[in-house]
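By convention in this document, chain letters (A, B, ...) are assigned in the order of the sequence lines, proteins followed by strands, and residues within each chain are numbered from 1.
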2 protein chains.
Amino acid sequence: MAKAKVGKRAPRYLQVCNDLVAMIRNGDVAVGDMLPTELELCDRFEISRHTAREALRRVEDMGLVERKRGSGTRVTAREAPVVYNQYVANMDELMQYGQATRLAICSAARDPVPAHLASALGCKPGQSVPHLVGLRSYRDQDSALPICVTEIWVPNASRAQEKDLLDLDQSERALYRVLDFSRLSRVRQTLSADNLGRAAADLLAADPDSAALVINRRYHDLDDRLILMAISTHPKERFRYSTELSAHGKSG
Amino acid sequence: MAKAKVGKRAPRYLQVCNDLVAMIRNGDVAVGDMLPTELELCDRFEISRHTAREALRRVEDMGLVERKRGSGTRVTAREAPVVYNQYVANMDELMQYGQATRLAICSAARDPVPAHLASALGCKPGQSVPHLVGLRSYRDQDSALPICVTEIWVPNASRAQEKDLLDLDQSERALYRVLDFSRLSRVRQTLSADNLGRAAADLLAADPDSAALVINRRYHDLDDRLILMAISTHPKERFRYSTELSAHGKSG
DNA sequence: CCGTAGAATATGTCCGGACAAATAACTATG
DNA sequence: CATAGTTATTTGTCCGGACATATTCTACGG
């Protein structure tokens, strides 16, 4: 981050920034403590407030401190985390199914939630919740084998949403509306493997003993409430999940 | 992003920032074109250079422009990409095995690469490459079943690295040195499912027909050269891969 | 025609000052 | 003692100016 060119000294605000980062890493100011105020830094380093602010801004950008008007600058972390980022531009890319595929809902009803999903859904076991089952396949290829079977639970649907979801003619569009991209804030997903089993094998025209990639996705809104949980079961060789993580910094 | 409180006007620099963003989105300035210079913005909006810079800084932070001293501000994108980030603090967290597990190498040799891996490894089929096989299990629990079997190929090892890797007493430490965290820049991984098969089932003490989660990880250095490829095969129920994606912005 | 030196241009760094707004600490009041 | 209002503190916004440094353009000379 700080270039070490010989005979070319770093800008003053970077020097101050580095000193502050060092103070934090050395534990001179503990996590939770306040950093010196801007005016104190001006005094101590003999700099203008502008330069002090530039230094603090860098420290803030590193994620080490939190600044609040009227209050001050509080240390929130001792080390800047080495962060690997996965960039996902949109929902389709996240799901990795692309525009060429399509989810055909084949059943939609209010069903009691199974015991093993109750806690994840934030429901009591046996509680009834809108529940869809569909098959994802490639568009324009009705003959091809489906990619996966997807089971969808919508625990916090509104009355209107539920009505649309349970109407097979509208449920696909309704799904997209429920999963409003702009309100989405977090997606948690868990990938595991399992043998297909009889029921899924029938739907997918595959061997029941065959291995399957199971992806459990939970979509949360800005208040971290669960909007929707989708469990997709992909028979082996019909789907692979790829990610690319880039080290901290700009990515391509 | 821009708060819309009534009777509480936004700061001037934010207004200017929004105007600039709008200009870019409307196509008034195309991607590749130059944005007005700081001094031009001072004139046009009747603001100080400080305010102009603050506005431009915001636009830059959105990833819409690129600024270069002596040159100017060039538009690099028409829309701020809706980005979902996965934050991974360190290598162990990326691998999700944690400190409690350990990889025990059980074989290390120079082996010819299988045909189906040749292109991914950037080698000719049949070319010999350092090749390790190990079992990952929980520390302090020799009795417990291993989590996975891992197959590792190191196509671009130096002479010295290769020597250490192929020495079973040193290969574990050597692996960590080869996978130098600081030189790592990209990790590509692909998750898929497969049935275990005879060989892996024997090593893992599992049913050969049982499903397995297969994770193929490719580690690349700053020049995007492949450092190492690791293929881990996890019998079902011994491992799950979880990620949490957060929408653009600070994450917790 | 090409390359170089210098001029013009644009962003980066840094100083000074002033007021606004949010927070926290304090004080007066019931 | 609890609460409301006041004050002091601290960061946010915004202005002015000056010089540094990187880039680009231009004119000159070979």
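Annotation: proximity of residues 37-47 of chain A to DNA chain D (heavy atom, distance under 4.0 Å) is found for A:T37, A:E38, numbered in ascending order. Against DNA chain D, the stretch residues 67-75 of chain B makes heavy-atom approaches under 4.0 Å through B:R69, B:G70, B:S71.
Checked against side chain to side chain donor-acceptor pair (under 3.5 Å), B:N156 has no partners two or more places apart in sequence or in another chain. Not a single side chain to side chain donor-acceptor pair (under 3.5 Å) links A:D221 to another residue, sequence neighbours left out. Residues satisfying the side chain to side chain donor-acceptor pair (under 3.5 Å) criterion with A:T190, sequence neighbours excluded, are A:R218, B:S242. Partners of B:S48 under the side chain to side chain contact (heavy atoms under 4.5 Å, CB included) rule, at least two apart in sequence or in another chain, are B:H50, B:T51. Take A:E40 and apply the side chain to side chain donor-acceptor pair (under 3.5 Å) test, not counting sequence neighbours, and it matches no residue. Residues satisfying the ring pair (Phe, Tyr, Trp, His ring centres under 6.0 Å) criterion with B:H131, sequence neighbours excluded, are B:W153.
Using a 4.0 Å cut-off, no side-chain N or O of B:Y13 falls inside it from OP1 or OP2 of D:dC14. Regarding contacts with the backbone of D:dT11, every side-chain N or O of A:R53 stays at 4.0 angstrom or more from both OP1 and OP2.
Atom-to-atom, NE2 of A:H50 to P of C:dA18 comes out at 18 Å; the value is rounded to the nearest Å. Across the protein-nucleic acid pair, B:E54 atom CD and D:dC15 atom P stand 12 Å apart, rounded to whole Å. In this structure, the CD atom of B:E60 is 11 Å from the C1' atom of C:dT11, given to the nearest Å. Rounded to whole Å, atom P of C:dA20 lies 18 Å from atom CZ of B:R12.
Applying the ring pair (Phe, Tyr, Trp, His ring centres under 6.0 Å) test to pairs two or more places apart or on separate chains, none has a residue in residues 10-47 of chain A.
Residues B:R12 and B:Q15 have side chains that bring a donor and an acceptor to within less than 3.5 angstrom of each other.
Base engagement by B:R49 is indicated by at least one non-hydrogen atom pair under 4.0 Å involving a base atom.
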